[in-house]
Peer 1: 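Here's a structure for you.
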Amino acid sequence: MTAVATRQIQFREALREAMSEEMRRDPRVFLMGEEVAQYQGAYKVSQGMLEEFGPRRIIDTPISENGFAGLGIGAAMMGLRPIIEFMSWSFSLVAADQILNNAPKMLYMSGGQFGCPIVFRGNDGAGGQLGSTHSWAVEGLFSNVPGLRIAIPSTPYDAKGLLKTAIRCDDPVFFLESERMLGNKGPVPEEEYLIAFGVADIKRAGTDCTIVSFGRPVHFCLEAAEKLAAEGIECEVIDGRTIRPLDIDTIIESVKKTGYCVVVDQSWPFGSVASEVAAQVYERAMDYLDNRVYRVCSDDVPAPYSKVLEQAMLPHAGKIIEAVKKATYLA
Amino acid sequence: MTMTDPKTALQPVDRVEARTRLKWLRDMMLIREFELRTMQAYQEAKIGGFCHVYIGQEACAVGCIAAANPDDPVITAYRDHGHALARGMEPRYAMAEMFGKTGGCAKGKGGSMHFFDRRTRFYGGHAIVGGQTPLGVGLAFATRYENEVLERGEKRVTLCFLGDGALNQGALHEAMNLAAVLELPCLFIVENNRYSMGTAIERGTAMAHDLSTKAAAYGMPFYQADGMDVCAVYNVMKKAVDRCRAEQIPAFVEIKTYRFKGHSMSDPQKYRSKDEVAEYEANDPIRRLADALIASGDLDEKAFRALSQGVRDEVRDAIAWAEKSPEPDPATELYSDVVREPFGPYGPTTLPEMCGHEPGAIADEQ
């Protein structure tokens, strides 16, 4: 944490504050998506915003992700600053052509003529027994695409600062939230602040093993680090905060200090964010490693419904503790 | 509507002077000549990738764009050369783009299917069938937003062109529904050339004989025009544009046309007969307008030959210019224009030469 604050607010309130502040600041910003207006947000993120900003700027859509994602991109090409809410990133798959072909490549294909200053945001990762179609962690899939930025906050403080940066960004940003964290409370100062992209946050300092993570699993890493500390292993937990750009420098600096690295990522292991971090660590710090990099990802299976099976599939503190012990030759 | 008999005069055009119709003729001739030279350059391997020419459909882009204002956004699919030229892109920037040169309208990064021109509010050439239609609705959303929230600008309409092949893409139906429920001034202009690649419209599209049903499903006004008669296209589009502008509503326009050449440069055309092609070629929109202008005394054969020579010279110069334009330098161009705010390996963005390299001078948007 970089700021001292006494006020505690929910993750969803932090997101709402970020959007509302930016909408007050810039009339080109609008929010569009399913149930964002009259319903007050499927997850109450946009609660009260219709009342403040009116129906011209808080806009309900039909269930047409491909259509309204494309609408947002067209509006961004003309200089507006859309925030497009996906109720779940799982539903963004039906908008793949718009969000992967058009948003990130328009500037390049038009030879620098038409940029796409747009934010797509919504819930990412397992929501809790939703089955495979609703449990997508899209960061593995989408971080393969050049031209976009991916932000994935783990705390209300980071969520607010990163979302404000996302809305002001002249390029497309995919903003990955988590339904499981929307009610989490954390300190958020009253005064305005922004968090730059590509700047990781060391959520816990340590000397024995580097743990890198993104989004919700950061909390599992902190839980694991707490338990490991009781056993005398001091882990350094790095919250990447953005995947693109990736703050590899902070990660390398830590690995050079600890000599060990575990990457925790809720996407699937094959071609994952964890794989990319591991590859970059090998490229940049091979000689500083005293063991191979260990990855903790979701298991390489479709997300199951059963509570037991789902828990078995997802990253959790137990898996992280095991990986750290293996990485540091304690197991 | 009935298709105009090619042997009879074109539809009379209200309040359009002969010199305007002469400009339409020249615009169509320029597109025709440009496309013939494009085919030639493709065969000479000066142009790569996929390439789709507009020959036969010239009256669609020219008639529609003539009915719109210069600040009305225009967007289309991959068969985009005609729209870009009709909108006012200089042929040399279009040709250089296909040659993959730095002087191209997208600095050689887009190619034949991805033409863009900020100065003329041409929002592209889009190559995934139907993918441009939600973008078109977004352009219409933005014009309305500018009027009503930002309180600036005049009422505008968006011309969103598509082919009949896009009629069965989900994107179009989502886009039409959104335009209807959000009341956005987007004209969905279907250039019905009867074939989506090699599939005849009847084989792929329900209710192909009556596309007004598509408009009815979304409660939009429906318009239809003979796409081989530029005057008919203009007349119908003028009505549609004026109504959509005034009422800020969407509309659906079918323009019955035909492409004289294959779908792309590699199409053996086994799905249609030579007789069918010949029948449509006899109904050539350029010849028809020229004949009408000659019949009305506004053009003679000598002037027509001069027009022909003029467009030949212009396209020849475009090719010469494109050939001289430098190849992009990977050291500077590969990693530029990926993002507006550089990070990591990505460099800064610059506008193409066509735009004068001055961001502020082009448009106040963005």
Side-chain angles (χ1 to χ4, degrees), chain A residues 27-28 30 32 53-54 56-57 59-80 82 94-98 101-102 104-118 146-149 168-172 196-198 242 244-246 248, chain B residues 73 75 97 104-111 114 116-118 123-128 131-143 145-146 148-150 158 170-171 173-175 177-178 181-182 184 336-341 343-344 346 349-352 354-355 362-366:
Chain A
R28 298 172 302 172
F30 65 91
M32 174 177 275
F53 298 104
R56 295 247 173 254
R57 297 182 70 195
I59 303 146
D60 278 328
T61 67
I63 300 172
S64 296
E65 285 86 1
N66 194 33
F68 67 74
L71 188 162
I73 295 164
M77 288 173 76
M78 274 193 63
L80 299 186
V94 298
D97 177 43
Q98 294 300 334
N101 260 329
N102 288 342
K105 296 167 187 168
M106 199 66 75
L107 185 67
Y108 202 74
M109 284 200 308
S110 66
Q113 294 185 72
F114 293 107
C116 197
I118 190 168
L148 52 80
R149 287 170 168 79
R168 293 187 196 184
C169 184
D170 287 336
D171 299 304
F197 283 6
T242 56
R244 270 179 179 260
L246 179 68
I248 192 67
Chain B
I75 190 165
E97 184 57 30
C105 64
K107 296 189 282 189
K109 290 176 176 174
H114 309 112
F116 291 84
D117 188 353
R118 246 170 94 147
Y123 288 84
H126 297 272
I128 302 295
Q132 80 279 17
T133 59
L135 301 178
V137 174
L139 298 172
F141 176 89
T143 62
Y145 193 94
E146 282 192 5
E148 293 172 6
V149 178
L150 305 181
T158 294
H173 293 273
E174 293 194 19
N177 185 63
L178 281 165
V181 296
L182 298 176
L184 302 175
S336 69
D337 305 320
V338 178
V339 288
R340 277 240 163 93
E341 296 179 27
F343 70 90
Y346 304 122
T349 300
T350 56
L351 287 169
M354 174 181 81
C355 297
I362 306 313
D364 55 1
E365 297 162 354
Q366 296 213 339

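Chain A is the first sequence line, chain B the second, and so forth, proteins listed ahead of strands; every chain is numbered from 1.
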Peer 1: By a 4.5 Å heavy-atom criterion (distance strictly below it), what part of L182(B) contacts chain A: side chain, backbone, both, or neither?
Peer 2: side chain
Peer 1: Side chains of R57(A) and Y145(B): do they bring a donor and an acceptor to under 3.5 Å?
Peer 2: yes
Peer 1: Do you know which of D117(B), T158(B), V137(B) has the most heavy-atom pairs under 4.5 Å to chain A?
Peer 2: D117(B)
Peer 1: Against chain B, work out which of D60(A), L80(A), L246(A) has the most heavy-atom pairs shorter than 4.5 Å and name it.
Peer 2: L80(A)
Peer 1: Pick one of side chain, backbone, both or neither for S336(B), based on which atoms fall under 4.5 Å of a heavy atom in chain A.
Peer 2: backbone
Peer 1: By ring-ring contact (aromatic ring centres under 6.0 Å, His included), which residues pair with F197(A), not counting sequence neighbours?
Peer 2: none
Peer 1: How far apart are the closest heavy atoms of G131(B) and D97(A), and which atoms are they?
Peer 2: CA-OD2, 3.7 Å
Peer 1: Picking from K105(A), E65(A), R244(A), R149(A), which has the most non-hydrogen pairs under 4.5 angstrom with chain B?
Peer 2: R149(A)
Peer 1: Among E97(B), H173(B), K109(B), which residue forms the greatest number of heavy-atom pairs with chain A at distances under 4.5 Å?
Peer 2: K109(B)
Peer 1: Using side-chain contact (heavy atoms from CB on, under 4.5 Å) as the criterion, list what pairs up with S110(A), not counting sequence neighbours.
Peer 2: Q113(A), F114(A), F116(B)
Peer 1: Less than 4.5 Å to any heavy atom of chain B: does that hold for the side chain of N66(A), its backbone, both, or neither?
Peer 2: both
Peer 1: To check you understand the geometry: which heavy-atom pair defines the closest contact between P134(B) and G67(A), and what is its length?
Peer 2: CB-O, 3.6 Å
Peer 1: In terms of heavy-atom pairs under 4.5 Å with chain A, which of A142(B), G344(B), G170(B) leads?
Peer 2: A142(B)
Peer 1: Restricting to non-hydrogen atoms, name the atom on L107(A) and the atom on V339(B) that form the minimum distance, rounded to 0.1 Å.
Peer 2: CD2-C, 3.4 Å
Peer 1: With a 4.5 angstrom heavy-atom cut-off, could you sort out which part of L139(B) is near chain A: side chain, backbone, both or neither?
Peer 2: both
Peer 1: Output the option from A75(A), A95(A), P82(A) having the highest count of non-hydrogen pairs under 4.5 Å with chain B.
Peer 2: A75(A)
